[in-house]
Amino acid sequence: MSKHKRIRNLAIVVLVVLGTGTALAGMARATGLINAINPEAASVSMPAIVPPLLAPPSDEGYVPQPGTAKVSAPDDRSVAQLGNVPADLAQAVSADFPDLTTKDALADSDTYYEILSSIRYEGNGHTVLVTTARPSPAAAQQAAVYGDRSIELKDGTVAWLTVGLPGDLPNRIVFPKGDLIITIVSDLPHTDLENLAADIVVH
Amino acid sequence: MLPTSKSIHALVRLVSRTQLSKLLCVAVIALGLVSLPIGTAWAASWSVNSSGYCTLWNPGHWIAGGSSRLSWGGGWPWDSGNTTGYLWRWNGSNWIQSSTAFGSASGAANVASASPYTDIYSPPSIWWNETGAHTASFFSGQQNSYGSNFLCP
């Protein structure tokens with residue numbers, strides 16, 4: 001092979017490697033049902049929406065639950081919760097199930113996030129909140145960013161971590177599960193939160 | 001002496017076979033060195049934030065609004081930043097995207113701000129939230145800002 005051909009082939013290989021790398025870096029972390037993208041991959045021309053994922057603060061809707069027992073909804077909605085509640089977070093467990101009939105005034109073309117449930121665990125001066133949200137068909141299609149950086153939970157689930165949020169619960173991890181968005185927030189260090197997030201189950 | 005057609009062809013062959021690849025390599029490296037500081041022109045400092053407000057405009061006419069901002073300084077004159085602000089309304093079980101606004105700015109130091117708002121007439125007491133998405137020439141990807149929930153009377 002001539003020197004000229006070797007250089008040409010080398011250039012082609014470099015271009016292919018660079019192109020593949022760029023494509024992988026920009027690849028959306030989509031579940032197929034929810035168009036979630038990594039914040040690192042968002043482009044200048046196409047910013048992704050940033051939705052709120054927690055119900056507004058209110059103690060009115062929270063109903064006390066038995067410490068470590070499975071939390072069940074009053075209807076057939078999905079409820080994300082800790083699979084094994086640590087004893088020091090089981091001192092007070094409560095659940096909030098918003099009235100979903102308010103959804104009736106909305107159309108599929110509206111961009112909204114329905115909060116199905118919020119489970120609150122308290123103990124030893126700390127609080128952990130696990131919420132289940134479902135994006136509307138329009139919101140599920142729209143590119144969305146659910147955190148400041150992507151991480152991988154110990155079970156291999158791709159999730160998004162945000163620290164320093166305003167309010168009493170500054171650390172947050174979000175991950176998709178089917179057509180649902182699961183959120184866990186706490187004042188615990190994010191390393192502890194990552195372990196708890198990997199233990200979340202949906203009933 | 002004027003170059004003959006033969007000598008020109010010989011020169012082209014020489015360049016194409018021996019020198020062209022070297023010239024290309026040098027050009028690519030030089031271009032990379034020049035464009036690298038431009039493409040990654042990191043501003044010395046930047047910050048993002050989102051917040052919301054509710055104000056009485058006229059009797060019975062309220063405005064729920066948000067403000068998302070990307071501020072930076074110590075950058076290059078050709079730096080630029082973009083902010084998209086999203087205003088969300090809570091209806092009891094849903095966060096509904098109520099309005100969106102976009103803002104951009106450029107310069108060594110500047111603020112890209114977006115201020116979405118929604119008119120409210122005779123509102124019930126409801127919660128709102130403002131979030132922001134920010135992109136810029138001096139960081140990669142998207143930075144987000146999260147406001148606290150705020151209550152309109």
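The analysis underlying the following values was restricted to heavy atoms, covering all of them including side chains, and did not include hydrogens, waters or symmetry mates. Each chain gets a letter, A, B and so on, in the order its sequence line appears, and its residues count up from 1.
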Quick check on [X] against chain B: is it the side chain, the backbone, both or neither that has a heavy atom closer than 4.5 Å?
X: Leu116(A); value: neither
X: Ile115(A); value: both
X: Asp110(A); value: neither
X: Ser136(A); value: neither

What closest approach, in Å, do [X] and [Y] show between heavy atoms, and which atom pair accounts for it?
X: Ala133(B); Y: Ala48(A); result: CB-O, 3.5 Å
X: Thr84(B); Y: Pro47(A); result: OG1-CG, 3.5 Å
X: Pro166(A); Y: Tyr146(B); result: CG-O, 3.3 Å

Among [options], who wins on heavy-atom pairs under 4.5 Å with chain B?
options: Gly147(A), Ala139(A), Ala133(A); answer: Gly147(A)
options: Asp148(A), Val145(A), Leu165(A), Thr162(A); answer: Asp148(A)
options: Gly164(A), Gly167(A), Ala55(A); answer: Ala55(A)

Q. Under 6.0 Å from the CZ atom of Phe97(A), do we count more than 12 heavy atoms belonging to anything else shown?
A.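 Counting neighbours around CZ of Phe97(A), more than 12 heavy atoms of other residues, nucleotides or ligands fall under 6.0 Å, so yes.
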Q: Would you indicate whether Asp168(A), at its atom CG, is surrounded by more than 12 heavy atoms from other residues, nucleotides or ligands within a distance under 6.0 Å?
A: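 Counting other residues, nucleotides and ligands, CG of Asp168(A) stays at 12 neighbours or fewer.
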Q) Are side-chain heavy atoms of Gln142(B) and Val50(A) found at a separation under 4.5 Å? A)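 The answer is yes; the side chains approach within 4.5 Å.
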Q: Answer whether the closest heavy-atom distance between the side chains of Ser93(B) and Leu100(A) falls below 4.5 Å.
A: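 They are in side-chain contact.
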Q.
I need the residue from Asn149(B), Asn144(B), Thr135(B) with the largest number of non-hydrogen atom pairs under 4.5 Å to chain A.
A.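 Sorted descending by pairs with chain A, the first entry is Asn144(B).
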Q | When Gln143(B), Gln97(B), Glu130(B), His134(B) are compared by non-hydrogen pairs under 4.5 Å with chain A, the top option | A |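 Answer, by heavy-atom pair count under 4.5 Å with chain A: Gln97(B).
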Q: Counting only heavy atoms closer than 4.5 Å, note whether Trp95(B) contacts chain A via side chain, backbone, both or neither.
A: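 For Trp95(B), backbone and side chain are both near chain A.
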Q: Calculate, to the nearest 0.5 Å, the distance between atoms CD1 and OG1 belonging to Ile96(B) and Thr111(A) respectively.
A: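 OG1 of Thr111(A) is found 10.5 Å from CD1 of Ile96(B).
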